[in-house]
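So you know, we letter chains A, B, ... as the sequences are listed, proteins then strands, and number each from 1.
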Amino acid sequence: VIEPPAATEPAAHGRQAAPEPEGDAFTHDLVACGHALAGEAPGVWGHSATVERVIQALHSRLVEIGVGPSTEVVSFPPVMSRRTLERSGYLEGFPHLVGSVHGFAGRDPDRARLLNRLQAGADWGDLQVQSDVVLVPAACYPVYPHLSGALPASGRELNLFAYCFRHEETAEAGRLRSFRVEEFVRAGDAATCAAWRDEWLERGHAFLAGLGLDVRRELASDPFFGRAGRLLAADQRDRRLKWELQVPLHSETEPTAVASFNRHDDHFARSFGIDLDGGGVAHTACVGFGVERVALALLRAHGLAPERWPTGPRRELRL
Amino acid sequence: VRRTDEELAATVRDVLRRHARLAVDPDELDGGADLYDAGMTSFASVNVMLMLEEEVGVEFEDRMLSRATFQTIDSVRDALRELLDVAAATAAAGARA
């Protein structure tokens with residue numbers, strides 16, 4: 001939540017002062033050299049052409065690695081149907097992370113109220129009405145309604161590159177609220193999805209290690225909300241549903257997750273009526289690489305100028 | 001009044017019937033039958049947990065928030081029994097003090 005500027009406080013030299021970037025030494029370095037552009041909202045960053053070039057290189061390389069002859073490459077906007085999100089169970093697990101899109105639905109008198117509030121620096125959220133779309137919380141969510149019905153005998157595999165949004169606050173350059181994920185989704189029988197996830201974990205580990213990153217593999221759980229969330233997280237760990245690959249980003253001792261490898265069992269398939277060829281509920285799995293985080297981890301590991309990186313990662317990414 | 005184990009198990013079955021979305025009626029399940037095998041999802045187990053807390057008036061301790069606690073009717077009942085006994089002992093100690 002951003003505090004509105006106090007109405008009585010004059011802005012320096014008639015313009016808004018640039019926000020003071022917070023966070024660790026690496027974040028400061030990124031800001032100082034112009035790679036990270038801090039906005040007024042924490043966790044919402046722009047970045048330089050150099051960073052974007054690394055991100056696009058990661059995207060291209062992951063597509064080369066992961067897209068096979070039977071992979072369907074699809075694309076969705078950063079917003080999705082609210083109804084789809086409601087059906088997915090996301091609100092049961094992560095009510096605190098949802099980015100819900102609202103719009104003004106008032107008449108002329110309400111417009112005057114809105115402008116008065118803005119002038120006073122007061123809240124105006126109650127003059128907004130929730131719309132039928134939400135921000136995409138994880139890249140795979142818009143995919144599932146399209147998988148409804150009976151799958152082909154070999155199941156389906158999809159790839160997409162998508163913006164995701166998590167409503168979480170932080171000052172670290174790597175913990176973004178809006179970020180892109182190179183995502184792969186598999187739907188099929190239980191054994192197929194489990195094997196696919198495990199293969200991707202090996203493949204992802206080899207890819208990141210090949211870029212010269214110090215990769216750690218951790219059994220993980222999602223940031224489920226509240227006390228009930230502890231039960232969901234414990235259950236997720238007990239069943240070894242989620243693995244993460246972590247690399248040093250803001251700290252050597254507490255590495256940051258840059259990729260996750262997830263089995264959903266029949267959670268999404270039940271919600272969206274995804275069935276096996278021979279009958280019965282399918283399973284799904286997904287794999288996501290947080291490309292901004294990987295790009296920043298590479299800059300931390302090899303230096304802020306990719307043209308001076310070691311040849312290994314440069315060749316791998318054709319930079 | 002101390003609730004009997006039978007009464008607690010009946011409460012568990014009642015909450016399961018309403019919130020666990022099981023494939024069978026909980027009355028048809030043994031106390032030791034695996035509720036996840038009977039169709040309870042992890043999301044449904046959260047509803048069961050929250051509704052039991054409301055019905056019985058206790059709060060599961062953090063260490064109890066695991067798959068093992070909600071695995072069977074007996075394991076849920078035992079957790080509730082423990083919480084109620086601790087609450088009763090605490091209340092008695094408070095009354096003496």
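To the nearest 0.5 Å, atom CD of residue A:E202 and atom CZ of residue A:F261 are 9.5 Å apart.
The shortest heavy-atom contact between A:A138 and A:P142 is O-CD, 3.9 Å. Scanning both residues, A:F179 and A:L176, for their nearest heavy atoms gives CD2-O, 3.4 Å. Here the closest non-hydrogen pair linking B:F70 and B:L35 is O-CD1, 3.5 Å.
Cation-pi geometry between A:R203 and A:W200 is met: the NZ or CZ atom falls under 6.0 Å from the ring centre, inside 45° of the normal.
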Find the N and O donor-acceptor pairs between chain A and chain B that sit under 3.5 Å apart.
from, atom 1, to, atom 2, distance (Å)
A:R227, NH1, B:E53, OE1, 3.1
A:R227, NH1, B:E53, OE2, 3.2
A:R227, NH2, B:E53, OE2, 2.9
A:R227, NH2, B:F60, O, 2.6
A:R230, NH1, B:D62, OD1, 2.4
A:R230, NH1, B:D62, OD2, 2.3
A:D235, OD1, B:R67, NH1, 2.4

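The aromatic rings of A:H96 and A:F225 lie tilted to each other, with the angle between the two planes from 30° to 60°.
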